[in-house]
Structure formats: structure tokens, C-alpha cells
Amino acid sequence: GSLEYCVGHLGAKLLVVLGHTKCGAMAGATQTMLSAQKAAENGEPVKPAAIEQKTTLEKLLHGLGTVAKQAQNELNPGATADQIAAHTVNVNVFSGMARL
């Protein structure tokens with residue numbers, strides 16, 4: 001999409017990947033991931049059809065669950081949701097850089 005256009009068509013020589021503190025998307029992704037974990041712990045089944053019917057925002061937050069999970073794994077087991085969300089910002093930046 002946009003990166004391909006910037007580099008290919010406009011000839012951009014430098015790409016900057018960044019994140020910012022208190023990112024609502026990362027907080028939402030963290031909450032989505034933690035809610036899914038809690039549901040799994042309670043034995044609630046995951047229904048694939050229900051995932052397909054989610055809003056675009058819910059799909060985006062679910063897709064960011066891998067970086068939220070990685071952030072959780074990199075922190076102490078007792079980390080709060082806010083601590084995980086803050087670290088998710090960093091993990092997401094490095095994940096984005098790796099995908100480039």
C-alpha cells in the first residue's frame with residue numbers, strides 16, 4: 001500500500017517506523033488479547049464465524065494480538081494491562097520494522 005507507493009513511485013529513501021505512548025490501538029489490542037485469554041481460561045469456545053462478523057476495529061485489534069502477546073511474554077508474569085499495553089507499543093514498532 002502506502003509504503004510501496006512512497007518508495008516505488010515517489011522514490012523515498014528513508015522510512016520511519018514509530019509508536020507513541022498511551023496508544024489507544026495498542027491498549028485496545030492488549031485488552032482484546034487479555035479478554036480472549038480469560039475466555040479461554042473459563043473454557044469458553046472460540047467461534048470462527050463470530051470472528052468474521054466483527055467490526056473492522058475489532059478485526060484490527062484482534063490482528064494486533066500477536067504483538068500484545070509477545071509484549072506480555074517479555075514482561076514479568078504479574079504485569080498489569082497498562083504495563084503490557086505500554087510495552088506493546090515498543091514490540092509493535094520492532095515488529096513493523098522486521099516486516100519491512
Side-chain angles (χ1 to χ4, degrees):
S2 299
L3 293 177
E4 289 86 355
Y5 179 77
C6 288
V7 173
H9 185 73
L10 300 177
K13 304 284 186 227
L14 175 68
L15 299 175
V16 177
V17 180
L18 54 94
H20 62 90
T21 58
K22 299 191 184 227
C23 178
M26 296 303 108
T30 299
Q31 286 300 327
T32 299
M33 181 268 303
L34 292 172
S35 294
Q37 282 181 346
K38 187 171 186 170
E41 289 170 3
N42 292 335
E44 297 174 22
V46 177
K47 301 173 188 168
I51 292 172
E52 293 175 13
Q53 296 175 358
K54 288 185 177 185
T55 66
T56 301
L57 177 59
E58 290 171 321
K59 288 179 185 178
L60 171 71
L61 296 178
H62 181 75
L64 290 168
T66 55
V67 293
K69 180 65 178 160
Q70 181 181 341
Q72 181 186 42
N73 290 340
E74 291 178 3
L75 296 174
N76 294 325
T80 67
D82 286 342
Q83 290 170 326
I84 297 168
H87 189 55
T88 299
V89 172
N90 295 332
V91 173
N92 191 53
V93 168
F94 285 100
S95 175
M97 290 169 49
R99 285 191 310 269
L100 292 176

Can I get a per-line list of side-chain donor-acceptor pairs under 3.5 Å for residues 9-32, giving both atom names and the distance, sequence neighbours left out?
unit_1	atom_1	unit_2	atom_2	d
T30	OG1	M26	O	2.8
T30	OG1	T88	OG1	3.4
T32	OG1	G28	O	2.8

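- Contacts classified as ring-ring contact (aromatic ring centres under 6.0 Å, His included) and involving residues 70-99 (residues at least two apart or in different chains) are not found.
- Every residue two or more places apart in sequence or in another chain that forms a side-chain contact (heavy atoms from CB on, under 4.5 Å) with A79 is listed here: L75, Q83, I84.
- Taken from OG1 in T66 to CE in M33, the straight-line distance is 10.0 Å, to the nearest 0.5 Å.
- Proximity of Q37 to L34: side-chain heavy atoms (C-beta onward) are separated by under 4.5 Å at one or more points.
- The side-chain hydrogen bond (donor to acceptor under 3.5 Å, both in side chains) analysis of residues 89-100, with sequence neighbours excluded, yields the pairs S95-R99.
- Residues that satisfy the side-chain contact (heavy atoms from CB on, under 4.5 Å) test with N76, not counting sequence neighbours, are absent from this structure.
- Neither L3 nor L60 shares a network with the other; the hydrophobic side chains, linked directly or stepwise wherever heavy atoms of I, L, V, M, F, W or Y lie under 4.5 Å apart, form separate groups for each.
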